[in-house]
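Encoded as structure tokens, the structure appears first; notes follow it.
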Amino acid sequence: MRLFNTLTRTEEDFVPADGTTVRMYTCGLTVYARGHIGNFRTFISLDVLRRALRHQEGYAMRHVMNFTDVDDKTINASQQAGMSLRDYTDLYIQAFRDDCATLGLEPVEENPRATDDANLRAMVDMIAQLKTHGHTYESDGSTYFRIATLPDYGKLARLDHEGIQAGVRVDTDTYDKQDARDFVLWKATKAGEPTWDYGCGPGRPGWHIACSAMALRLLGEGPIDIHGGGIDLIFPHHENEIAQAEGATGRQFSRFWVHVEFLHLDHKKMSKSLGNVYNVQDILDRGFKASALRYALISVHYRKQLTFSFEILTQADAALTRLTDFLARIDRVAGGDAHPEIASRVTAAREEFRSKIASDLNVPGGLGVMFELLREMNAAMDQEGGRALGAADADLIREAFEEFDKVLGVVAVRRREEAAPPVPEEEVRALIDERRQARRDRQFGKADDIRAGLEARGVILEDSPTGTRWKRK
RNA sequence: GGCGCCGUCGCCAAGCGGUAAGGCAGAGGUCUGCAAAACCUCCAUCCCCGGUUCGAUUCCGGGCGGCGCCUCCA
């Protein structure tokens, strides 16, 4: 498939280095608070990438997504909560897992956390390698990376060394650096902070080293195939990851870099520090479905800014309802002949969908292909009293839409949401029977009351020549 | 100041050199006791001005407007 590579700023053909297994690392959440839907835009987009590589392109996946469970924010927040860092971050790791499940993200192969023993050791080992190659210096017990020792530093973010102006901004970091452009690898312990000592002196890892070290520990030596995350991570985080991994090993770190654009709210990026955030639970509390949120977040290309609003959720929900109504209708098709022209139309749509997705993950384009097919198949079912589309055709159509959803992952979420009916099925059936009798007796007022009563309880009735159907609201 | 992105129908959004996909909303119609669902019909020359070209929404230049990174951030 074609993938836009931030490293080259061009779209390139992507094939895993070994031809079969994609080794991918994506930056996860700093677990000091619940992730917001801007964070999840990135995670869902990368989930779609994962699904496309796996289910469409047919590659095996070795995908690592980390948890940053030690930094200033996690430490401060845990102390305010009066909890140990581990216990505190456990809370938000669990919340993250819940949200991922709600939004239908596929579990990845590994979810390392920075403070696990094996990971801390890998970080310290990498720092030792960097020291051997002369890329480090120490100051007040902390270890820093001296970027002046790496000539191609800045190649990902396309910043020249002068562009990163020393001392222009106030550094929130209170540690001493020789050059504002340098960054910390290992922070010396401060009073009351968690501390580890594996050979760099007592302290804790810097943010960037965790990702470099865990990526290579779990995915093997570089270059890995893909590294991804939010667009804000290009600089400094990913730039520094490259500096560390390549400075330590002398090998390219990652062949492809994939970055997801921001989600905006009120024309600004949604971020915890700006305070303009909604998390997944907030959306659910307002009566929207997670499936609608997922749909809305994938309906804009991942490299374009997406402006969030409740209106787009409403629109997404309506589109999704049309989709699931269609699939339910396909499931009702019984008997009838197979039609070659339907089969070839479905095959063509599958091919078009694949090619959209293979074109740098053009999900909106893929949705267009899907809905075009949907309309045509609905039209076919309307023709010849239903004879124009037979059960064998329906099987092919169902298969096609299952294939689409392997990548989109949106119908699966909707189905799970609808697993439990809001009114017991026996009761719905009894009321439908009662209403049928009322209609026969031409007591339409009573019939309408039953329908309205069920709708108020979340069940919609639809009359058809073959009887009355019901569905969830 | 440096680097970069974006501006397509009321809303959301693909396309990116050959004359504008799709979704939502809306209008009319078919079907229906009425609805709903579904289908049919209708609903845009792509921010502005230049340039290149037989031809530009698509390329180039200049405006105007929105946003991002350069600092913790998905």
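Proteins get letters first, then strands, A, B, ... in listed order; numbering begins at 1 in each. What's counted below: heavy atoms across the whole structure, side chains too, no hydrogens, waters or symmetry copies. This one's a predicted model, so the numbers in the text were calculated from it and none came from an experiment.
The CZ-C1' distance, from Arg158(A) to C70(B), rounds to 16 Å in whole Å. Atom CD in Glu384(A) sits about 17 Å away from atom P in C39(B), given to the nearest Å. Regarding Arg442(A), its CZ atom lies at a distance of 13 Å from the P atom of U32(B), rounded to whole Å. In this structure, CZ of Phe262(A) is placed 5 Å from P of C69(B), rounded to the nearest angstrom. In this structure, the CD atom of Glu261(A) is 13 Å from the C1' atom of G66(B), given to the nearest Å. Atom-to-atom, CZ of Arg329(A) to C1' of A36(B) comes out at 13 Å; the value is rounded to the nearest Å. We find that CD of Glu376(A) is positioned 14 Å from C1' of C40(B), with the value rounded to whole Å. The distance between atom OH of Tyr302(A) and atom C1' of A13(B), rounded to the nearest whole Å, is 17 Å.
Checking A74(B), G23(B), C39(B) against the side-chain heavy atoms of Ala379(A) singles out C39(B) as nearest. Nearest to the side-chain atoms of Ala318(A) among the listed nucleotides G68(B), A74(B), A25(B) stands A25(B). Out of A21(B), G33(B), A74(B), the shortest distance to the side chain of Lys269(A) is found at A74(B). Taking the side chain of Tyr295(A) as heavy atoms from C-beta on, and the options G68(B), G23(B), G33(B), the nearest nucleotide is G23(B). With A36(B), C24(B), G22(B) as the choices, the nucleotide that has an atom nearest any side-chain atom of Glu462(A) turns out to be A36(B). Of the listed nucleotides (U71(B), G22(B), C39(B)), U71(B) has the atom at the smallest distance from the side chain of Pro236(A). Nearest to the side-chain atoms of Asp463(A) among the listed nucleotides C34(B), G22(B), A38(B) stands C34(B). In the set A38(B), A74(B), A25(B), A38(B) carries the atom at the smallest distance from any side-chain atom of Asp382(A). In the set A74(B), G33(B), C24(B), A74(B) carries the atom at the smallest distance from any side-chain atom of Phe43(A). Closest to the Pro364(A) side chain, of the nucleotides G33(B), A38(B), A14(B), is A14(B).
If you check every strand for non-hydrogen atoms under 4.0 Å, His259(A) touches nothing. As judged by a 4.0 angstrom heavy-atom cut-off over every strand, Gly229(A) is placed among residues touching the sugar-phosphate backbone only. Residue Thr30(A) is classed as a sugar-phosphate contact, given heavy-atom separations below 4.0 Å to backbone atoms only. Residue contacts shown for Met270(A) include a base, since a base heavy atom lies under 4.0 Å away. His237(A) comes within contact range of no nucleotide atom at all, as no heavy-atom separation falls under 4.0 Å.
Remark: A37(B) base-pairs with no nucleotide; criterion is Watson-Crick or G-U wobble with both hydrogen-bond distances under 3.5 Å. Base-pair partner of G68(B): C3(B) (Watson-Crick or G-U wobble, both distances under 3.5 Å). Under the Watson-Crick and G-U wobble criteria, each requiring two contacts below 3.5 Å, nucleotide C54(B) is paired to G18(B). Taking a pair to require two hydrogen-bonding distances under 3.5 Å in either a Watson-Crick or a G-U wobble arrangement, G10(B) pairs with C24(B).
An aromatic stacking contact between Phe371(A) and the base of G22(B) is absent, as defined here by ring centres under 5.5 Å apart and ring planes under 30° from parallel.
Between Pro236(A) and His208(A), some side-chain heavy-atom pair lies under the 4.5 Å cut-off.
Neither OP1 nor OP2 of G68(B) sits under 4.0 Å from any side-chain N or O of Lys268(A).
Contact between Arg294(A) and Gly104(A) at its shortest, heavy atoms only, is NH1-O, 3.2 Å. For Val369(A) against Ala349(A), the heavy-atom pair with the smallest separation is CG1-O, 3.5 Å.
No side-chain N or O of Tyr32(A) forms a donor-acceptor pair with one of Asp72(A) less than 3.5 Å apart. Judged purely by distance below 3.5 Å, without hydrogens or angles, the side chains of Gln437(A) and Asp441(A) pair a donor atom with an acceptor atom. Looking at Ser291(A) and Arg415(A), their side chains never bring a donor and an acceptor atom within 3.5 Å of each other.
The residue among Ile460(A) and Lys356(A) whose nearest nucleotide of RNA chain B is located toward the 5' end is Lys356(A).
Taking atom P in both C48(B) and U53(B), the straight-line distance is 23 Å, to the nearest Å.
For the ring pair (Phe, Tyr, Trp, His ring centres under 6.0 Å) criterion with Phe40(A), the lone passing option out of Phe96(A), Tyr278(A), Phe308(A) is Phe96(A).
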